[in-house]
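Computed over heavy atoms, backbone and side chain alike; hydrogens, waters and symmetry mates excluded. In what follows, chains carry the letters A, B, and so on, assigned in the order in which the sequence lines appear, proteins first and then strands, with residues in each chain numbered from 1.
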Amino acid sequence: MYKPSKQEAAKLLRQMMEIRQFEDKIMELLSKNIAEGGSHLYAGMEAVAVGVISSLNPDDFISSTHRGHGHAIAKDGDLNALMAEILGKKTGVCKGKGGSLHLADLNKGNLGANGIVAGGLGIATGAGIALKMQKSSKIVVCFFGDGALNNGITHECMNMASLWKLPVLYLCENNLYAMSVSINRACSVKDFKKRAEAYDMPAEIADGMDVLAVKEAAIRWIDYVRKGNGPCLLVCNTYRYYGHSRSDPRVYRTKEEEKFYKDRDPILNFAQKCVKEGWLTEKEIKDIEASVTEAIEKATDFAIKSPLPDPEELYTDLYV
Amino acid sequence: MREITYRQALNEALDEEMARDEKVFLMGEDIAIYGGAYGVTIGLLNKYGEERVKDTPISEAAIVGTGLGSALLGYRPVVEIMYIDFIGLCMDQLNNQVAKIRYMFGGKCTVPLTIRTEGGAGRTLGAHHSQSLEAWLMHIPGIKVVMPSTPADAKGLLKSSIRDDNPVVFIEHKMLYNTKGQVPENEYLIPIGNADVKKTGTDITILTYSRMTLFSLKAAEILEKEGINVEVVDLRTLLPLDKTTIKNSVMKTNRAVIVEEDTRTAGAGAEIGMTVMEECFDYLDAPIKRIAGADVPMPKAPNLESLAIPSVESIVEGIREVMK
């Protein structure tokens, strides 16, 4: 098992708490109609984004998904600018023109969330082409869900990346459902490792509810990709707590199943482990939680008080 | 001045831009060893190596998608979609990713990507290798659409497209590759977004582009003998349209005919015609006329294929009607 330093344990816990509280806050803002439109929330899946991205170098790249808040926060995203973007405000990370589905920050190596399932595959794989041509030691982690496994471009890109030995780590967040359709009703091949086999790349399945398990696997495969061995597939089995989006009544899954995963909550379990292993005290954990709450409140306040974009912005940023 | 083919002109443009900027690289189906289905990239593999001239699997979505990804990291990819008929396979990448990413990200990235493709009828290749789909692309804010008709325009515009920090779809015409024209030996660029008056005239304006420019010029020659003095405006870029040149020409001749190879309904001509209406309605002495492709899938039979697109004769006929 991966053993974090005290400082590292505190950081992992803090980031997961930031994501959880960020998502809970957005659900609150949606239900109060302060946030408009939709939002796909990452709560429950925190161990994946945090476990993987904390194992990257700051100048490595990621591409994200329609459920991208967690990736953006873990990739050193500014909470104020992210919250403002989700509310469509001028101070948002994309000036209020992207929204929840298009959070991006190229300066921090985040090539963007995407409103199209599998939309990040081409971008990430192309970034891999660029890095390979630059003979760079940087890599790309391409996040996508189980739903994207059945989209054509996923196959095109995995084939190309393996053929050209591109530095791309394909990271499948298997949360069991593509909106409402379970993997059992959508995937002819249930063992996702076989998808990688088809393109002659290695694959592993990790427990995506356990940040240390994710981290252990991520470190190994990031190293593999960074050494020029070509791409690989890491599947993290995980679960989203909220529905697909705000209006989802979750009729396609059972209360028992939800309880099963919530009992394995990545944050609670990691916090308990930190105490048990002596990495953090209960007091330290409470302090982290309180400080995260304060940061989220601050970000919310910042976002709500920020102005909408100026009307002149309608036609800017289209062409250079 | 020397004469070279449209194909050679395009090849020179690619060669010069690759020599000038090491960030320029090529990717597409059969472009390296084979030299491209229409031979445009012949010789470039030997000169620049397989790192910069990449044969890809038959994966159109990935070709455009990875072109975008590498452009975001500072490269200037020129990707080739062998036939515009295959653009449907990468339309999500083009429409949802390439065209929108800069805007969606608040202007915090550039996409210096050129997508070369070719279209049009004339080789009796049937419905999947003969289409003119430019109207689909004109409907996408965030990209530019270029369709040159001569070797000189092809070279100057391709060089500009590669240097442009915006995504450009550069549509060649399969029947133009072997056409010859004067092309300067010295380096030059032709700006995107500028139409070119290929023949000046006083009585009526033809607004056209790509291969139909050649047909229009032939029609103008015939009409000249009948005393009808036609002005032929080669639009060269369809997005953005050069409204100034369109306006100046129609205000002078007071009549406008659009000659387009694509299918008539909701085709490029619909946009061009409405632009004339909006910009110079008061100057029109006759209704605008469209001479366009038939609203059918392209048939194989050579006689039907010819009937499915404008001909010199149908252009002449159409103009006579407007001049009545």
J.: With rounding to the nearest 0.5 angstrom, report the OG1 to CG distance, Thr66(B) to Leu166(A).
T.: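 Going from OG1 on Thr66(B) over to CG on Leu166(A), the span is 8.5 Å.
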J.: If I measure from the heavy atoms of chain A, does Lys54(B) come under 4.5 Å with its side chain, its backbone, both, or neither?
T.: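 For Lys54(B), the side chain is the part near chain A, not the backbone.
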J.: Given that the side chain runs from C-beta out, which part of Thr316(A) has a heavy atom under 4.5 Å from chain B: side chain, backbone, both or neither?
T.: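 When you check distances to chain B, only backbone atoms of Thr316(A) fall under 4.5 Å.
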J.: Using heavy-atom distances under 4.5 Å, tell me whether Asn96(B) contacts chain A through its side chain, its backbone, both, or neither.
T.: side chain
J.: Pick whichever of Gly119(A), Gly128(A), Gly120(A) has the most heavy-atom pairs under 4.5 Å with chain B.
T.: Gly119(A)
J.: Show your reasoning for whether side-chain contact (heavy atoms from CB on, under 4.5 Å) applies to Glu156(A) and Ile63(B).
T.: CA-CA 9 Å; Glu156(A) 293 187 11; Ile63(B) 291 168; over 6 Å; no
J.: Quick one: of Val98(B), Leu73(B), Thr110(B), who has the most non-hydrogen atom pairs under 4.5 Å with chain A?
T.: Leu73(B)
J.: Distance under 6.0 Å and angle within 45° of the ring axis: does Lys97(A) meet both against Phe105(B)?
T.: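 No, Lys97(A) does not lie over the aromatic ring of Phe105(B).
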J.: Could you check whether atom CG of Asp200(A) has more than 12 heavy atoms from other residues, nucleotides or ligands sitting under 6.0 Å from it?
T.: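 Atom CG in Asp200(A) is not crowded, with 12 or fewer foreign heavy atoms closer than 6.0 Å.
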J.: Would you name the heavy atoms of Ala62(B) and Cys157(A) that are closest together and state the gap between them?
T.: CB-SG, 4.0 Å
J.: Would you name the heavy atoms of Glu51(B) and Lys135(A) that are closest together and state the gap between them?
T.: OE2-NZ, 4.0 Å
J.: Chain A: which of Pro112(B), Gly65(B), Cys109(B), Gly106(B) shares the most heavy-atom pairs with it under 4.5 Å?
T.: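 Of the candidates given, the most pairs with chain A belong to Gly106(B).
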J.: Taking everything shown except Tyr34(B) itself, do over 12 heavy atoms lie less than 6.0 Å from its OH?
T.: no
J.: Assess whether atom NZ of Lys108(A) is packed by more than 12 heavy atoms of other residues, nucleotides or ligands within 6.0 Å.
T.: yes
J.: Please look at Glu313(A) and chain B and tell me whether the side chain, the backbone, both or neither of the residue comes under 4.5 angstrom of a heavy atom of that chain.
T.: backbone
J.: Tyr75(B) side chain to Ala127(A) main-chain N or O, any donor-acceptor pair under 3.5 Å?
T.: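 Answer holds: no.
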J.: Give, for atom CG of Asn114(A) and atom CE of Met104(B), the distance between the pair rounded to the nearest 0.5 Å.
T.: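 Result: 6.0 Å between the selected atoms.
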J.: Do you know which two heavy atoms are closest between Trp164(A) and Thr56(B), and how far apart they sit?
T.: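 Closest approach of Trp164(A) to Thr56(B), heavy atoms only: CH2-CG2, 3.8 Å.
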J.: Would you find more than 12 non-hydrogen atoms of other residues, nucleotides or ligands less than 6.0 Å from Glu22(B) atom CD?
T.: no
J.: Taking the side chain as every heavy atom from C-beta outward, state whether Met160(A) and Pro57(B) have any pair of such atoms under 4.5 Å apart.
T.: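 Yes, at least one pair of side-chain atoms sits under 4.5 Å.
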J.: Relative to chain A, which segment of Leu68(B) carries a heavy atom at a distance below 4.5 Å: side chain, backbone, both, or neither?
T.: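 When you check distances to chain A, only side chain atoms of Leu68(B) fall under 4.5 Å.
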J.: Counting heavy-atom pairs under 4.5 Å to chain A, which of Cys90(B), Pro77(B), Gly107(B) comes out on top?
T.: Gly107(B)
J.: Shorter than 4.5 Å, heavy atoms on both sides: which option in Leu106(A), Thr125(A), Ile116(A) has the most such pairs with chain B?
T.: Ile116(A)
J.: Say whether, by atom type as modelled, one donor and one acceptor occur between the side chain of Lys108(B) and the main chain of Asn107(A) under 3.5 angstrom.
T.: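 The answer is no, because no donor-acceptor pair under 3.5 Å joins these two groups.
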J.: If you take all heavy atoms of Ile143(B) and Tyr319(A), which pair is closest and at what distance?
T.: O-OH, 2.6 Å
J.: In terms of heavy-atom pairs under 4.5 Å with chain B, which of Gly115(A), Gly126(A), Gly112(A) leads?
T.: Gly126(A)
J.: Can you measure from OG (Ser70(B)) to CG (Leu131(A)) and round to the nearest 0.5 angstrom?
T.: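 Taking OG in Ser70(B) and CG in Leu131(A), the distance rounds to 10.5 Å.
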J.: Using a cut-off of 6.0 Å, state whether more than 12 heavy atoms not belonging to Gln134(A) lie near its atom CD.
T.: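 More than 12 within 6.0 Å, yes.
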J.: Identify which of Lys95(A), Met133(A), Lys132(A) forms the greatest number of heavy-atom pairs closer than 4.5 Å to chain B.
T.: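 With the most close heavy-atom pairs to chain B, the winner is Met133(A).
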J.: Please rank Leu101(A), Leu163(A), Leu318(A), Asp317(A) by heavy-atom pairs under 4.5 Å with chain B and give me the top one.
T.: Asp317(A)
J.: Name the member of Ile101(B), Asn166(B), Ile58(B) that forms the most heavy-atom pairs with chain A at distances under 4.5 Å.
T.: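 When all of Ile101(B), Asn166(B), Ile58(B) are compared, Asn166(B) has the most.
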J.: Taking side chain as everything from C-beta outward and backbone as N, CA, C, O, which of these in Asp92(B) sits under 4.5 Å from a heavy atom of chain A? Side chain, backbone, both or neither.
T.: side chain
